[in-house]
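Note sheet for the following structure.
All values reported here derive from a predicted model rather than from experimental measurement.
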Amino acid sequence: QVQLVETGGGLVQAGISLRLSCAGSGRTFRSYAIAWFRQAPGTEREFVAKINWSGSRAGYADSVQGRFTVSRDNTKQTVYLQMNSLKPEDTAVYYCAAAGVGYGGTSTADYDYWGQGTQVTVSS
């Protein structure tokens, strides 16, 4: 079993960068693919980025490609989401999630464990 805790959210102006962290607990954390999702009020939770267990493969939603970078440090049991050139439409609660099988997909159904989320608000 894996527990996930997201930190790093906040209120920022458009164009500013922010880095989110997802700290995992459990001896098997390093074997899990991790993804970031986000959910704005009144919308469904949507895929943002994912990374495989070793950090050698990553994938992104079109809306964040080229602006966001996902990485991980398994020695610290932490996955990061570096968000650059933030836009007001990036405003959402950001969640990290863990998948015990393979690379992980882009659907919420592909993930077994979830954090509680961290709020990111981007003002124009």
Any donor-acceptor pair under 3.5 Å from T121 side chain to L11 backbone: no
Close side-chain approach of Y80 to V70, heavy-atom, < 4.5 Å: no
Test item: N52 side-chain N/O and A33 main-chain N/O as donor-acceptor pair under 3.5 Å: no
Flag, side chain of T78 to backbone of K76, donor-acceptor distance under 3.5 Å: yes
Donor-acceptor contact below 3.5 Å, side chain R72 vs main chain G55: no
Whether F37 and Y111 hold their rings parallel, tilted or perpendicular, with breakpoints at 30° and 60°: perpendicular
Side chain proximity check, L86 to L18, heavy atoms < 4.5 angstrom: yes
Side-chain donor/acceptor of R67 to backbone N/O of S63, under 3.5 Å: yes
Main-chain N/O of V122 paired to T91 side chain as donor or acceptor, under 3.5 Å: yes
Parallel, tilted or perpendicular: rings of F68 and Y94 (30°, 60°): tilted
Between S123 and Q13: side-chain donor-acceptor atoms closer than 3.5 Å: no
Flag, side chain of Q77 to backbone of G24, donor-acceptor distance under 3.5 Å: yes
K50/D110 ion pair, N-O < 4.0 Å: no
From CD (Q116) to CD (Q3), nearest 0.5 Å: 12.0 Å
Taking every non-hydrogen atom, the tightest pair across A98 and I34: CB-CD1, 3.6 Å
Contact check, side chains of S107 and F47, non-hydrogen atoms, under 4.5 Å: no
Side-chain heavy atoms of T118 within contact of V93, under 4.5 Å: no
From I16 atom CD1 to S85 atom OG, the distance as rounded to the nearest 0.5 Å: 9.5 Å
Donor-acceptor contact below 3.5 Å, side chain E6 vs main chain C96: yes
